[in-house]
Colleague: 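Handing you a structure now.
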Amino acid sequence: MAADTNPAQSTLADIRATRLEKIDQLQAEGMNPYAYRWESTHHAAELQAKYADLAPEAEVEDSVAIAGRIMARRVFGKLAFFTLQDESGTIQLYFDKKRVTAHMEDRPNAFNLLKKLTDVGDIIGVTGTIRRTQKGELSVNVSTYTMLTKSLLPLPDKWHGLTDTEKRYRQRYVDLIVNPNVRETFRRRAKITAAIRRYLDDHDFIEIETPVLQSEAGGAEARPFITYHNTLQMDLYLRIATELHLKRLIVGGFEKVFELGRIFRNEGVSTRHNPEFTSIEIYQAYADYHDMMALTEALVTTAAQEVLGTLKLQYQGTAVDLTPPWRRVTMHDAVREATGVDFTAFEALSEAIAAANAAGIHVPDDCASIGNLLNEAFEQKVEATLIQPTFIIDYPLEISPLTKPHREKAGLVERFELFMVGRETANSFSELTDPIDQRQRLEAQSAKKAAGDVEAHGVDEDFLAALEYGMPPTGGLGIGIDRLVMVLTDAPSIRDVIAFPLLKNTSAAIASADYDAEKKILKVTFNQGSVYHYNDVPPDLYHALKQAPSLGQFFNAQIREQYGCDRIV
RNA sequence: GGGUCGCUAGCUCAAUGGUAGAGUACUCGGCUUUUAACCGAUUUGUUCUGGGUUCGAGUCCCAGGCGACCCA
């Protein structure tokens with residue numbers, strides 16, 4: 001069907017069909033709608049900077065080549081203006097029919113093809129010279145153009161863009177095309193991690209990659225993802241921390257190691273949590289947690305200077321000053337300041353609970369110790385108030401199983417956490433190096449696991465063996481990269497700094513359900529093609545399913561969770 | 001897990017329980033200085049899904065899905 005006999009079109013399917021038709025026409029003209037290569041001389045932002053002082057209607061004969069996506073078209077009879085966007089920014093393309101025709105000699109209808117066969121969203125390359133138009137817009141005065149990639153799907157509204165959060169996350173590529181600030185966020189994220197790595201490299205730290213798949217999850221209290229290795233026939237856990245392996249490297253003789261990488265925790269999703277997130281853990285032999293405080297200040301300020309050029313920033317309307325040194329407060333003092341309760345004064349847990357209740361602190365039913373209650377009080381009454389960067393130091397031993405006892409304060413450990421904008425952003429200790437003490441603490445954890453705590457883990461015997469060979473005194477530091485990036489990019493949600501955040505699948509609709517009465521197997525075929533067998537489903541339930549007004553809802557409510565299943569296809 | 005809000009054309013959004021609309025995009029026509037180009041014309045729907053109430057449901061009720069925010 002030729003374009004001029006097409007009926008009026010506007011549904012998505014029609015738009016796509018029209019563009020497929022344009023692909024045929026491009027090919028008929030000998031133009032490849034999916035080109036192989038293009039060589040540019042500049043990016044848009046470079047040209048904007050280089051010719052910033054060019055006067056309106058002035059033209060220079062410098063020839064340039066540039067490529068990008070067509071974001072807007074303003075087409076006249078013998079003249080056309082396109083807005084071209086590349087990674088760096090945008091520049092206007094000025095197409096004059098006479099000029100294009102003169103330069104593309106082998107294609108006398110080049111200008112008409114441009115008008116007919118290009119759309120907003122297409123990726124093209126052009127050559128030409130630089131001029132500023134009468135209206136003052138810096139432009140490439142195009143000599144030749146080349147279709148590089150034909151786009152089939154329409155972009156969101158040119159003015160309102162894409163605002164639907166769900167679509168922005170599910171189709172981040174569209175978000176990136178139309179929302180330049182989103183591109184900027186991820187550019188900054190890359191600069192932050194690069195700056196951190198550069199700093200560490202400059203200070204003789206080396207990055208060593210440790211296993212993601214582990215036979216025992218450890219190094220933190222968190223619920224792990226479990227997977228299965230078929231040929232080895234073993235359960236494996238996705239790591240919840242890099243701690244225990246990096247410490248093995250310290251035992252092995254490396255003195256400064258780190259790993260910046262992905263951590264997986266089988267937990268909920270919120271503005272501050274994604275089930276996979278990025279941390280950096282750093283270990284330095286012969287150092288303690290005071291050294292780690294200095295390192296934390298150095299890393300965060302280096303990253304901030306890199307992306308912001310300043311240590312004074314705004315986060316969601318609140319001023320934050322990263323100028324070191326940052327405030328250092330013990331957890332006891334912080335809680336005393338906020339609640340008036342001095343948790344160092346108690347001998348018995350019952351006294352502490354009474355005081356906590358009187359101070360309006362919610363006491364959890366399973367509160368096991370004064371230290372736990374102190375931490376509870378901190379989380380409830382202090383954490384959210386710590387807007388400026390603050391080191392909370394000297395934690396209770398019972399919530400810090402990998403940390404060396406405090407050299408002066410009984411019952412406490414040498415640990416700090418960094419808080420900014422009301423959130424935990426880093427965690428650090430003088431690492432526990434005593435293998436006997438470490439064994440006792442891990443066995444206590446293991447007992448909690450046996451008692452049903454899904455966030456506790458078994459004893460990592462190999463890690464203990466490593467400690468028995470002897471680990472030098474060591475300072476360790478972990479920083480939540482996503483949360484740091486949030487602060488430095490003014491992002492309200494962790495999803496704004498993760499390119500492809502985890503979202504729930506829209507559940508697949510059921511295409512059909514069959515029943516094997518003899519084996520009591522319900523065979524369910526879903527629309528996306530997968531087939532599951534649900535075992536031991538009673539016949540009555542199948543009949544009820546068949547008669548239910550909604551197959552899917554009955555299935556979800558009565559069968560999906562209640563019966564075991566095998567995936568067949 | 002609980003609460004609040006949202007889901008309507010590709011996108012951004014309207015629509016007292018009474019004919020599903022606008023802008024933009026798309027298609028066609030016009031135009032040599034536009035930049036949210038302009039002018040004219042045509043067209044665009046599983047109103048998230050399934051039930052229910054009703055003469056009649058985008059709207060009311062029930063259940064479910066997905067998302068956002070808050071709380072635990």
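By convention in this document, chain letters (A, B, ...) are assigned in the order of the sequence lines, proteins followed by strands, and residues within each chain are numbered from 1.
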Colleague: Taking only residues at least two apart or on different chains, which pairs with a member in residues 81-95 of chain A satisfy salt bridge (charged side-chain N to carboxylate O under 4.0 Å, His left out)?
Modeller: A:Glu87-A:Arg187
Colleague: Heavy atom of residues 162-169 of chain A under 4.0 Å from RNA chain B: which residues?
Modeller: A:Leu162, A:Thr163, A:Asp164, A:Thr165, A:Glu166, A:Lys167, A:Tyr169
Colleague: Provide the full list of salt bridge (charged side-chain N to carboxylate O under 4.0 Å, His left out) pairs with a residue in residues 102-113 of chain A, sequence neighbours left out, each pair given once.
Modeller: none
Colleague: According to ring-ring contact (aromatic ring centres under 6.0 Å, His included), who are the partners of A:Tyr169, at least two apart in sequence or on a separate chain?
Modeller: none
Colleague: What are the residues of residues 482-501 of chain A, sorted by number, that bring a heavy atom to within less than 4.0 Å of RNA chain B?
Modeller: A:Ser493, A:Arg495
Colleague: Run the side chain to side chain donor-acceptor pair (under 3.5 Å) test against A:Ser143 and tell me which residues pass, sequence neighbours left out.
Modeller: A:Arg99
Colleague: Using whole Å, what does the distance between atom C1' of nucleotide B:rU33 and atom CD of A:Gln134 come to?
Modeller: 5 Å
Colleague: Is the distance from OP1 or OP2 of B:rG65 to the nearest side-chain N or O of A:Lys504 less than 4.0 Å?
Modeller: no
Colleague: Kindly write out the residues that satisfy ring-ring contact (aromatic ring centres under 6.0 Å, His included) with A:Tyr542, not counting sequence neighbours, or none if the list is empty.
Modeller: A:Tyr515
Colleague: Taking side chain to side chain donor-acceptor pair (under 3.5 Å) as the definition, give me every residue that meets it alongside A:Asp175, ordered by chain and number, with sequence neighbours left out.
Modeller: A:Arg168, A:Arg172, A:Asn179
Colleague: Can you tell me if the side-chain N/O atoms of A:Lys158 get under 4.0 Å from OP1 or OP2 in B:rC26?
Modeller: no
Colleague: Does A:Ser270 have a side-chain nitrogen or oxygen under 4.0 Å from the phosphate oxygens OP1 or OP2 of B:rC70?
Modeller: no
Colleague: Write down the protein N/O and nucleotide N/O pairs, taken from nucleotides 48-50 of chain B, whose separation is under 3.5 Å; answer none if there are no such pairs.
Modeller:
{"residue": "B:rU49", "atom": "O2", "partner": "A:Gln553", "partner atom": "NE2", "Å": "3.3"}

Colleague: Mind checking side chain to side chain donor-acceptor pair (under 3.5 Å) for A:Tyr395 and listing every partner two or more places apart, or none if nothing turns up?
Modeller: A:Glu417
Colleague: For RNA chain B, please output the secondary structure as dot-bracket, reading 5' to 3'. Pairs are Watson-Crick or G-U wobble, both atom distances under 3.5 Å; mark crossing pairs with [ ], other-strand partners with |, unpaired with a dot.
Modeller: (((((((..((((....[..))))..((((.......))))......(((((..]....)))))))))))).
Colleague: Does a donor on one side chain and an acceptor on the other come within less than 3.5 Å for A:Arg188 and A:Thr489?
Modeller: no
Colleague: Only counting residues at least two apart or in another chain, list the ones meeting side chain to side chain donor-acceptor pair (under 3.5 Å) with A:Arg170.
Modeller: A:Glu166
